[in-house]
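Structure first, commentary second.
Lettering follows sequence order; numbering is per chain, from 1. What you see is a predicted model, and the numbers here were worked out from it, not measured in a lab.
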Amino acid sequence: MTALTMGAAITAALARSLADDDRVLLMGEDIGRLGGVFRVTDGLQQRFGAQRVVDTPLAEAGIVGTAVGLALRGYRPIVEIQFDGFVYPAFDQIVCQVAKLHYRSNGRIRMPMVIRIPWAGGVGAAEHHSESPEAYFAHTAGLRVVAASTPQDAYVMLRQAVASDDPVVFFEPKRLYHSKGEVDLDADLADAPPLHLARVAREGTDATIVTYGALVRTALDAALAAEDEGISLEVIDLRSLSPMDLTTVAASVRKTGRVVVAHEAARQAGLGAEIVASITERCFHHLEAPPERVTGHDIPYPPSKLEKHHVPDLDRLLYAVDAVLERTSGHALSARTPTATEGAR
Amino acid sequence: MTALTMGAAITAALARSLADDDRVLLMGEDIGRLGGVFRVTDGLQQRFGAQRVVDTPLAEAGIVGTAVGLALRGYRPIVEIQFDGFVYPAFDQIVCQVAKLHYRSNGRIRMPMVIRIPWAGGVGAAEHHSESPEAYFAHTAGLRVVAASTPQDAYVMLRQAVASDDPVVFFEPKRLYHSKGEVDLDADLADAPPLHLARVAREGTDATIVTYGALVRTALDAALAAEDEGISLEVIDLRSLSPMDLTTVAASVRKTGRVVVAHEAARQAGLGAEIVASITERCFHHLEAPPERVTGHDIPYPPSKLEKHHVPDLDRLLYAVDAVLERTSGHALSARTPTATEGAR
Amino acid sequence: MTYTQTQPDHGPAAPGTPADAPRASVGDVDDVVRVLEPDGTRVPDAVLDPWIADLSPHELRALHRDMVLTRRLDAEGVALQRQGQLALWAPCRGQEAVQIGTAHALAAGDFVFPSYREHGVLLARGARPEGYVLAWRGEEHSAYDHTTINAAPPQIIIGAQTLHATGWAMGAQRDGSDDVAVAYFGDGATSQGDVNEAMVFASTFRAPVVFVCSNNQWAISEPVTVQTKYPIAGRAPGFGIPSLRIDGNDVLACVAAMRWALDRARRGEGPSFLEAVTYRMGPHTTSDDPTRYRTSEEVDSWAQRDPIARFEAYLCAEGVLDDSALAEVAAAADTLAAEVRAACIGATTRAPETVFDHVYAEPHAALAQQKADYAQYLAGFATEDAR
Amino acid sequence: MTYTQTQPDHGPAAPGTPADAPRASVGDVDDVVRVLEPDGTRVPDAVLDPWIADLSPHELRALHRDMVLTRRLDAEGVALQRQGQLALWAPCRGQEAVQIGTAHALAAGDFVFPSYREHGVLLARGARPEGYVLAWRGEEHSAYDHTTINAAPPQIIIGAQTLHATGWAMGAQRDGSDDVAVAYFGDGATSQGDVNEAMVFASTFRAPVVFVCSNNQWAISEPVTVQTKYPIAGRAPGFGIPSLRIDGNDVLACVAAMRWALDRARRGEGPSFLEAVTYRMGPHTTSDDPTRYRTSEEVDSWAQRDPIARFEAYLCAEGVLDDSALAEVAAAADTLAAEVRAACIGATTRAPETVFDHVYAEPHAALAQQKADYAQYLAGFATEDAR
Ligand SMILES: Cc1ncc(C[n+]2csc(CCOP(=O)(O)OP(=O)(O)O)c2C)c(N)n1
Ligand SMILES: Cc1ncc(C[n+]2csc(CCOP(=O)(O)OP(=O)(O)O)c2C)c(N)n1
Ligand SMILES: [Mg+2]
Ligand SMILES: [Mg+2]
């Protein structure tokens, strides 16, 4: 095991993928000599050459569209979209081509492509640099969509995504790039949990928090805070956003009977809706209180000085936990936690 | 009142909008001399001139992007996307520009734009001509999203959309273009129900079907069929997909305690998820059975010979009604209805 | 360097007509390179001639034959649609020369990225009869086996395939092969961002890709003047891509220009661009009514430039074709049409549950469950019926 | 018409270097039109001279002053970021001539569509001090009042604004006004589909729009050779849009070229394209480390072409500027910097609930409810605290 930041774990996964299979290519803006604006591809062009780590022209449809052609020729392109907010020019290529070519060709064509997207907010960035577009992709049949929340998962899941013959949209929570964790660089992929499974990040009995990406850490913090109050929270890291491991989610909800679903993306028609709907359908008779969603508001991402009022934080999670636990008048947990002052105020 | 097809009602609304306000413009591919591939703009270029009914180059980002500029200059562009599947090249302009400019400019800029989209399947069309992308737009803050299901609504809602200072994505169910209904061409917009309200298309007491677009007709057929069995179904036509009139929906569910939500779009992270989640949150203690979703499968739109196995039909609605009514073993209603043979087999 | 000219200096003057006074073409349709006059007279062209000097009578007859077959196939497509056997068909009549000429110049390892209208290209690649019709019938999204004919599924999203071709070419380049990718698209497509981005990528990476724009003067109801005020072939040089504006109804010019472009690509000189000036003789699709937007005079004038009549006149004059050869080709065309008709009419619709197949290449439990649920739902009807 | 040249014939040869051997420029950076040599010597240019013959000493001083102010403003932006007062800043040092020169040529009714780097353009349009900084501080998405300065909010999505400019111009055209739209963007942006589609629409509709591409040689870490193998100004003619490749560090050339383009637009001749060859002296943004991808020699060589030093040398030699005037300008620059600093440091963050404002122009009950719920949630802390 090695202690690595999530960024370094991703770099390691990319290097390993490039080394293991010479059909793997990296493509994107500034990923070569610069090593990417987050330095995630640092050193890779030097090591693998400009034919395999390709600085592309500044055009996202072009990047994804040419990657489609490379995949048709037998390559396995890993595409970097520089920031979440810049994926939309490539939306047509992703939705109509990448997602559908296997189906359109009756299974004859495969699209083993990974689309890496530094993702979501909370880093004080400029407009268009803090988007959470995951629901768009999860609603698109033919894509797999995943989000890592630990360096170990980032390393393993990225390698699994590269190995998959399906296209995978790979979300990298940018506010975790510098967070550290132990990574087993030599682990056999075959021993790792499959890409589509959720992970019980913490076991608990009173209520379940289902989330993914950077909010997994916030949820674990919430569980710690709640523990002081004698409340036992289970935290589920969804990991795969399409398909979703609803079996793991439902098992937890059957146990706790109470659930909070959290994400940064806007609430309306976000993934939280799917999770709540699926839970309701599967666990109707086990639910003891209506599920709660803690999400970004139905607004464009606000200016960064105000982002803390948009991105769910510890207090908002605890507030919702209070609600599903039917504790009187909200704020019972959140106003008592030592971190409350960092939160909404 | 005049009997008009939905297509003709839309033509009338466009003509009226062009006549009433010379800042209104129509833009799109083949909308001028040809009158649009569905003839919805037939005669309008002749009547209002090529400066106001504009055949554009073949580029959807270009159409929407120039419409943004026209709106900035004080125009009120009505943009036609030729088919649902061709909206994706414009996705970036819609999501990052059209939806966000009012917010980005702190309210100084307005985007009074209507994006008309002939929409959804069931018409035996080629690939990419039967898409249901509404969830993408409903998840995007800053847009309003509506879908008409009758000629009268199409006429009034389109005029309301044109009058709105917000951008409106206007979905036109193409399999209803030729369906007829009475339209009051002289009705005062002020007397019409506001754009954001749902409509109780049929009152009932045993269960509620919530849907929108062409499936409203299917739901009404289902209600008729169920009536023969002594079952009273309430049908809600959502009309506005963003925002959603959850007040009307919740009132119905509180009454019936049972609900089926239907749409053509894929199930996962579709609008049905939002509706079910919202109902669960609002009507938890009134729900007598888990809500059912009847949707397109989580697959790309299939070849047209197989589309009847994707687009929900009468039988699939009745099957779900059986389920929410907890009638034994499904098919109780659907296998008995006279139209069952048109359905899934 | 200055580019002060109000009209660019590297082509005919862009017409100054306003957008609402469309013309049928941008640039004179005769301002092209060609080796066959509309009446079939062979004329010299210094650029093209070297590339076709070696064409044997056998090869000439093969070109002719495939053009005739394409026309017959196309007529069959229209007929099948009129008879309710196909939901739609996009006729290619009038465009046989550019499709067959460019496709005949290819090597087996090259890969084509066609639009929905390139029936002739697919024919020349050796497609099977069912390939042409099953998608238009609504049985499959694409019934071509791309691996045997080295052709991508025909593309409906205008222009998207140009990027795929460019990417494929970047792959061929990395493989050290001399395979070339070919992107086929229309005049309307040149307005799409994708097509322009494809030129950017192709130029930057010197990708071995040939852009073949069939300028058939119309994008549904819009004349080419809505897309551009400057000849399409004049666009590419500004991306660093050399181009030729060829007579798209002269099959020999198409072969020659394509060989020139392929040769550049194989020699590592990167992309080339061909604008083939041609005409869509039929409607946009069988759903279209072209009388709403163009005159019969215009159509008639293009009938005078017919690619097959022209080539036949030339070949007969040269003694390469005679009546018996023509009869043989006609018979082959009828055979093809019959095969296509049989493949169409004989088609059976797949089982309902197959709509769930091939969404993913890897196992997908959730979708497998949806499939099982749907199968059970369908089976329920049978049960009910049986009661 | 043929375009058989393997190198297009209307510009310098496209460099044949492969993609992975980038060069700092495409085309010779001196292959431009200019009237001021890097050392400030005035040279004649037949194309440009007529457009600036009438510039008065007053106007010349105004140009100089705004360039100096822009540089000072820019330095203040960098300083404020280094001091933690701004989250980010995108320096424009080195690009003052193209920004000020083109903006000074505008009429009040014209409308500019800037990118994130056009601080000088906004200054010339009369922006208020807080405009420059509040977005970079994270207080607002855009703090410019577009109605008073006729400028769209600076655009971060590369190239998107070029379509807005074109649409605005189509509106101006319909209004029968002689207002012109100006789209500002970088060399990297030319690869985006949107920019190419903007040229298509502008050309088709003869829209009164001027495309101003500041080719500062870099798109973050990518040299312009990754975007194009052919000079950028050579792209536009292929869309039917005439262009000029100008010395972007020569403010007089920028004024002249812009006047030429604006005049064409006002006379109904449609769009024009300017490639201003310049250099980004600073990092891409304050987050960037340009030493990772370019040499200090390259930066130094461009320092020799500094737009302000050059213009000062010329104006002093002409007697238009003297030491006291220079001192006055320096004082004005310090005043501006102080105002900007004050606007930045004095900024207060809006109330939390304002994140819900201006999502929609019309009432929106659901969002109003979310706002009320959130306000209540926040108020709950106060209540808890009070207990
Ligand atoms: C992205 C997209 N937008 C619109 C359409 C609808 N459409 C289909 S064909 C066509 C015209 C294409 O014209 P052109 O490129 O000249 O090709 P041609 O049909 O003449 O062969 C249009 C607008 C589409 N298929 N895809
Ligand atoms: C659509 C999109 N893709 C990527 C980015 C990230 N990005 C910001 S600036 C930039 C480089 C732009 O280069 P250029 O157009 O030359 O302008 P310059 O920064 O040199 O002024 C990139 C890639 C973006 N903002 N938008
Ligand atoms: Mg065409
Ligand atoms: Mg640049």
Side-chain angles (χ1 to χ4, degrees), chain A residues 22-23 25 27 51-52 54-75 77 89 92-93 95-97 99-112 141-144 163-168 194-196 240 242-247 278, chain C residues 111 113 135 140-148 152-157 159-175 177 179 181 183 192-194 196-205 207 209 350 354-367 369:
Chain A
D22 58 17
R23 308 304 281 177
L25 294 179
M27 304 171 68
Q51 291 296 310
R52 299 193 62 205
V54 186
D55 271 330
T56 65
L58 207 177
E60 288 76 10
I63 297 170
V64 175
T66 53
V68 167
L70 280 154
L72 267 162
R73 175 82 196 182
Y75 284 85
D92 177 58
Q93 285 286 345
V95 165
C96 295
Q97 310 296 333
K100 293 192 172 73
L101 267 162
H102 188 62
Y103 195 72
R104 282 165 65 191
S105 65
N106 249 321
R108 286 185 292 260
I109 292 173
R110 299 195 164 204
M111 274 292 123
L143 300 177
R144 294 179 187 265
S164 171
D165 272 352
D166 289 320
V168 180
L195 194 54
H196 65 274
S240 177
S242 178
M244 285 182 194
D245 176 7
L246 295 166
T247 310
S278 293
Chain C
F111 206 100
F113 292 78
E140 304 288 349
H141 284 320
S142 170
Y144 294 105
D145 178 359
H146 75 283
T147 54
T148 57
Q155 183 62 250
I156 284 180
I157 301 294
Q161 75 278 17
T162 58
L163 283 167
H164 308 166
T166 303
W168 193 95
M170 289 164 63
Q173 188 180 43
R174 279 168 175 69
D175 293 340
S177 85
D179 299 338
Q192 286 284 9
D194 277 10
N196 293 280
E197 293 189 10
M199 289 199 271
V200 169
F201 277 67
S203 175
T204 288
F205 297 118
V209 55
R350 290 193 259 138
T354 62
V355 298
F356 295 94
D357 297 343
H358 305 306
V359 181
Y360 296 93
E362 311 251 352
H364 193 291
L367 201 57
Q369 185 63 50

Is [X] in contact with chain A via its backbone, its side chain, both, or neither, using a 4.5 Å heavy-atom distance?
X        : result
C/Asp194 : side chain
C/Ala143 : backbone
C/Ser177 : side chain
C/Tyr144 : backbone
C/Asp145 : both
C/Val355 : both
C/Ala198 : neither

[atom1] of [X] to [atom2] of [Y]: how many Å apart, nearest 0.5 Å?
X        : Y        : atom1 : atom2 : result
C/His146 : A/Leu72  : NE2   : CG    : 6.0 Å
A/Leu70  : C/Arg174 : CG    : CZ    : 6.5 Å
A/Asn106 : C/Arg350 : CG    : CZ    : 5.0 Å

Mind running side-chain contact (heavy atoms from CB on, under 4.5 Å) on C/Glu197 and A/Leu58 for me, showing each step along the way? CA-CA 9 Å; C/Glu197 293 189 10; A/Leu58 207 177; over 6 Å; no
Under 4.5 Å to a heavy atom of chain C? For A/Ala67 that would be neither
Could you walk me through whether C/His358 and A/Arg108 pass the side-chain contact (heavy atoms from CB on, under 4.5 Å) check? CA-CA 9 Å; C/His358 305 306; A/Arg108 286 185 292 260; over 6 Å; no
Between A/Gln97 and C/Gln155, is a side-chain hydrogen bond (donor to acceptor under 3.5 Å, both in side chains) present by the stated rule, with each step listed? CA-CA 10 Å; A/Gln97 310 296 333; C/Gln155 183 62 250; 2.9 Å; yes
Check whether any side-chain N or O of C/Tyr360 sits under 3.5 Å from a backbone N or O of A/Ala141 as a donor-acceptor pair, and report yes or no. no
Considering only heavy atoms and a distance below 4.5 Å, find which of A/Met244, A/Arg110, A/Arg144, A/His196 pairs most often with chain C. A/Arg144
Assert top hit (heavy-atom pairs under 4.5 Å, partner chain C, pool A/Ser164, A/Ala99, A/Ser105) equals A/Ser164
Before giving the answer on side-chain contact (heavy atoms from CB on, under 4.5 Å), spell out for A/Thr66 and C/Phe205 the whole-Å C-alpha distance, their side-chain angles and the decisive distance to 0.1 Å. CA-CA 11 Å; A/Thr66 53; C/Phe205 297 118; over 6 Å; no
